[in-house]
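These notes are about the structure you will find just below.
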Amino acid sequence: MGYNIGVRLIEDFLARSNVGRCHDFRETADVIAKVAFKMYLGITPGITNWSPAGDEFSLILESNPLVDFVELPDNHSSLIYSNLLCGVLRGALEMVQMAVDVKFVQDTLKGDGVTEIRMRFIKRIEDNLPAGEE
Amino acid sequence: MAIFSVYVVNKAGGLIYQLDNYAPRAEAEKTFSYPLDLLLKLHDERVLVAFGQRDGIRVGHAVLSINGVDVNGKYTADGKEVLEYLGNAANYPVSIRFGRPRLTSNEKLMLASMFHSLFAIGSQLSPELGSSGIEMLETDTFKLHCFQTLTGIKFVVLADPRQGGIDSLLRKIYEIYSDFALKNPFYSLEMPIRCELFDQNLKLALEVAEKAGTFGPGS
């Protein structure tokens, strides 16, 4: 579900924010946290825990607007409620030729202090590149 | 009408949307008696004027209608063959309307794909690394502007050479696309756009751009 949202959301994001192409993962992380999250959810997550190779990082959200009024019932205590966000990030980045893996590490719904999303860069998608992006 | 048409091309080079916005082209209707002093020939499924320019009828104009009956390709709407009909003296005097032939939708599809390839070639020809593709194509009667998004969709606008503000129009069209085509749950990506709201808002945006553009003669 999140993936389908992501592939369409990226065009809306690019149309409104006018950012150019990001050339490395750090730039991507910055744009996602400071521009995209701010535009759509009104929050600015922090970026931490960079892996030594620079291809993995964590987004720390102090407050997650999606779960403001949500409580997990007991029979669904292992549900990752905001997994939608992971799909959105994966779908959107795939449309700009980046394959990433996005996972939840901590979730305030389960009692952790903050929400943490871990993003890992897999590779650059080389087929179907728009002309001029070689 | 300073903005002539808008084309939207998807990642694979297929045309997914097309809008024509120009006023009717120059047409001339005349009554002829036998023998016809224009030389007509059949070309590409259309009857064109090969030679014999006069009174507003130019070489290359197609036969649009005979005696008020529209012509489709080389047959009239009644099923008669045009060249045969005009070769027969008994059918004269006859009133024929000539005009510049309109592009069929197949031809537009082919032109869009060709432009997609040329766009790619344009970026490869560049002496500098990482150049964009074709952004503007200029002729004496129109300018073609193209904007490619980071996701590979191209928005192409054909406008009057004096018309300004096309860059912001292209960005506006991108916004309208993301608002009315992408947010429509029944629209599948890369498929032809058949969303009414997209059409309406696009026409509005074109009107705004035309008014705000350069004030050349005729606007």
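Letters A, B, ... are given to chains in the order of the sequence lines, protein chains preceding strands, and every chain is numbered from 1.
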Any donor-acceptor N/O pair, A/R8 side chain to B/P185 backbone, under 3.5 Å: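 Checked: no pair found.
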Minimum heavy-atom distance B/L150-A/R21, with the two atoms named: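 For B/L150 versus A/R21, the nearest heavy atoms are O-NH2, 2.8 Å.
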Within a reach of under 6.0 Å around CZ of A/R120, are more than 12 heavy atoms found that belong to other residues, nucleotides or ligands? yes
Does a sphere of radius 6.0 Å around CZ in B/F142 hold more than 12 heavy atoms from other residues, nucleotides or ligands, not counting ones at 6.0 Å or beyond? yes
Examine whether an atom of [X] lies under 4.5 Å from a heavy atom of chain A, and if so say whether it belongs to the side chain, the backbone or both; otherwise answer neither.
X      : value
B/N184 : backbone
B/I121 : neither
B/A181 : backbone

Is the shortest side-chain heavy-atom distance between B/T151 and A/L14 below 4.5 Å? yes
Heavy-atom check, side chain of B/L189 versus side chain of A/M95, under 4.5 Å: yes
Please report the interatomic distance [atom1]([X]) to [atom2]([Y]), rounded to the nearest 0.5 Å.
X      : Y     : atom1 : atom2 : answer
B/S178 : A/L9  : OG    : CG    : 9.0 Å
B/Y174 : A/D12 : OH    : CG    : 8.5 Å
B/R171 : A/N18 : CZ    : CG    : 5.5 Å

Part of A/N4 lying under 4.5 Å from any heavy atom of chain B: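 Neither part.
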